[in-house]
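Everything below concerns the one structure shown next.
Everything numeric here is computed off the predicted structure, so don't read it as measured data.
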Amino acid sequence: MSEKVLITGGAGFIGSALSLGLIDNGYSVVVLDNLSEQIHTKNYENSYTYQLIKDRVEFYSGDVRNLEDWKKVLSGVQIIVHLAAETGTGQSMYQAQNYTRVNCEGTSILCDILTAGNHSVRKVILASSRSIYGEGKYMSNDGKFIYPTYRDESKLINGDFEFYHENQKLKAVATDEFSLIQPASIYALTKYYQEEMLKITCKSQDINFTGLRFQNVYGPGQSLTNPYTGIISIFSNRLKENKEVYIFEDGLESRDFVFIEDVCQAIQIAIKDNRLKQVVFNVGSGVATSVIDLANHLKRLMNSSSKLTITGQYRLGDIRHNFADLTNIKNSLGFSPKVDVMEGLSRFVEWSYGQEVKCDKYDDSLKELRERGLLK
Ligand code: NAD
């Protein structure tokens, strides 16, 4: 008999792609998702990712904050992939209560279920985030590893966005799983809290736990309407309409963009692996791409006449650089990403042209940050 996987947040970007991949590989999939308006809009029946899965999985509309909803979906489940979450770094800075309730309280209910017994769960996989490292790992000129915290605001105001140690500029290096944990936003803190809660609980119940710390996931199916996540969506919406694109800092800040298929590949490998008990892994492309390079690639691929404007503004809680060291997941699980950023972006662009975005709320989201003193 096929194994049954419960995916919370399975109607979202990662969850929908994972659901389809698992079904193709013979798993049976049950999804618990509250079809959050911020992701799926009020008219969720038209949500691209919900449409993908609604007739393929056993779907339950419900909330991870509600014990009764969890109880409805657990029958016969061997594996839980916990993806449901509030996901906007900037938004989390002024919606601490909401982020804590969904991400921490939701996960605490799962912990209670796991310890109550009377279930068939043998493994839990959590979508964690690279944001828990904050800035991640840097190296000084004399080869020392340094984990910087916050940037000096007097430098930021003057347009100097890099990190310094003893007046020397630091170089960002790949962040491994042994790097210091230094969440710089409420969102990041909730992701770390989820990890620790599940690690402790699963260990006590002899349930396998794998935390996967995703870098910036992108690709077909990512929300084009949620203005709080995903610069690739934000940029592409504006480029499509030849509107000016605003780039924070000096554009040289960098991220690790990992394609959706590679993320689903990592989750599926983690599902299949039965050797590991309580582990965490980075999942990324392992490559740093600057935001200005990303915007230029997208502009070219979309043949857009948009002006790219480097604003020099910066958001509190944002990091400067972070890219994944994949040594651990390569050695332990045999994972390596297959889609590079140029191929991934062109597949994203091709998909996004078939999607209609009725309203672009990005300007409103910036206004919210500015009003709260979080965008300088
Ligand atoms: P998404 O917003 O597309 O999907 C999240 C899903 O969770 C949505 O379908 C939403 O309706 C559902 N949801 C939200 N609140 C819920 C609640 N209270 N109860 C039940 N369902 C709820 O996000 P995604 O990009 O697919 O991210 C999935 C997971 O991966 C999240 O935990 C996120 O923190 C993590 N992650 C994502 C990225 C990324 O770049 N996409 C990076 C790091 C970590």
Between [X] and [Y], is any side-chain donor less than 3.5 angstrom from a side-chain acceptor?
X      : Y      : result
Tyr133 : Asn282 : yes
Asn34  : Ser36  : no
Gln194 : Thr107 : yes
Tyr187 : Gln95  : no
Asn43  : Thr41  : no
Ser140 : His165 : no

Any carboxylate oxygen within less than 4.0 angstrom of a Lys/Arg side-chain nitrogen, looking at [X] and [Y]?
X      : Y      : result
Glu350 : Arg347 : no
Glu135 : Arg320 : no
Arg122 : Glu3   : yes

Is a donor on one side and an acceptor on the other found under 3.5 Å between the side chain of Ser304 and the backbone of Arg300?
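Looks like no, no N/O pair under 3.5 Å.
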
Atom pair CG/CD of Asn98 and Gln38 - distance to nearest 0.5 Å:
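Going from the CG atom of Asn98 to the CD atom of Gln38 covers 8.5 Å.
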
Please state whether the rings of Tyr138 and His321 are parallel, tilted or perpendicular, taking 30° and 60° as the class boundaries.
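Tilted, since the angle between the ring planes falls between 30° and 60°.
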
